[in-house]
Asker: 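Pasting a structure here, questions to come.
Quick note: residue numbers are just sequence positions, from 1. Everything quoted here is computed from the prediction, not taken from an experiment. Side-chain atoms are counted along with the backbone in the values below, which use heavy atoms only and exclude waters and symmetry mates.
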Amino acid sequence: MKKQLALLLFVMTMVIANTTAYAQTINEADTELCDTFKYALISSLREPVDKAIVQIYKDDKDAPEGLTWASYDTKILKIEQVYGVGGLYELTLKVYPYYDAHNNYGVDEVIINTEGELLGFKHLKKIPLN
């Protein structure tokens, strides 16, 4: 009987003293965590987006030299899961190429996958030079 009482007290103590530990993700950036993920994802795909910008404006005689784009000014329009969770994803991005001190020159849609392949692009709008 003493063993059963001791066991019961031990189990009750364990149940009462059992505290759940909740781990919190550490974000060492200056932005909200989801913004940080978004910018990290977009920045990791810089190479295919750069390639698309070059292709889109290669025949544009008015295009200023040194067109570039910024991940913080890029919008994710769609994320499509190709194979299933954890598999390949296709992202459709809206990119705003600029020159000099962020003078916008155009609006483009770029489709890339998470393996860094450029799948397609579409020029949406040209913004005339000032």
Asker: Can you list everything that forms a ring-ring contact (aromatic ring centres under 6.0 Å, His included) with Tyr57? Sequence neighbours excluded, please.
Answerer: Tyr105, His123
Asker: I need the Gln55 CD to Phe121 CZ distance, nearest 0.5 Å.
Answerer: 5.0 Å
Asker: Quick one: side chains of residues 77-98, donor-acceptor pairs under 3.5 Å with protein atoms, not counting sequence neighbours, listed by atom name and distance.
Answerer:
residue: Gln81; atom: NE2; partner: Gly84; partner atom: O; Å: 3.4
residue: Tyr89; atom: OH; partner: Gly86; partner atom: N; Å: 3.1

Asker: Quick one: OH on Tyr72 to OG on Ser43, what's the gap to the nearest 0.5 Å?
Answerer: 11.0 Å
Asker: Quickly, which of Leu118, Thr68, Ile112 forms a side chain to side chain contact (heavy atoms under 4.5 Å, CB included) with Val49? Name it, please.
Answerer: Ile112
Asker: Any chance you could measure Phe37, atom CZ, to Ile42, atom CD1, to the nearest 0.5 Å?
Answerer: 13.5 Å
Asker: Can you tell me how far apart NZ (Lys51) and CD (Glu117) are? Round to the nearest 0.5 Å.
Answerer: 9.0 Å
Asker: Within the distance-only criterion (no hydrogens, no angle test), does the side chain of Asn104 pair as donor or acceptor with the backbone N or O of Gly106 below 3.5 angstrom?
Answerer: no
Asker: Distance from Tyr99 atom OH to Leu67 atom CG, nearest 0.5 Å?
Answerer: 9.0 Å
Asker: Is it true that a side-chain atom of Asp35 and a backbone atom of Lys38 form a donor plus acceptor pair closer than 3.5 Å?
Answerer: no
Asker: State whether the number of non-hydrogen atoms from other residues, nucleotides or ligands found under 6.0 Å of Lys126 atom NZ is greater than 12.
Answerer: yes
Asker: Kindly work out whether a path of hydrophobic side-chain contacts (I/L/V/M/F/W/Y, heavy atoms less than 4.5 Å apart) joins Val107 to Ile111.
Answerer: no
Asker: For residues Trp69 and Asp108, is any side-chain donor paired with an opposing acceptor at under 3.5 Å?
Answerer: no
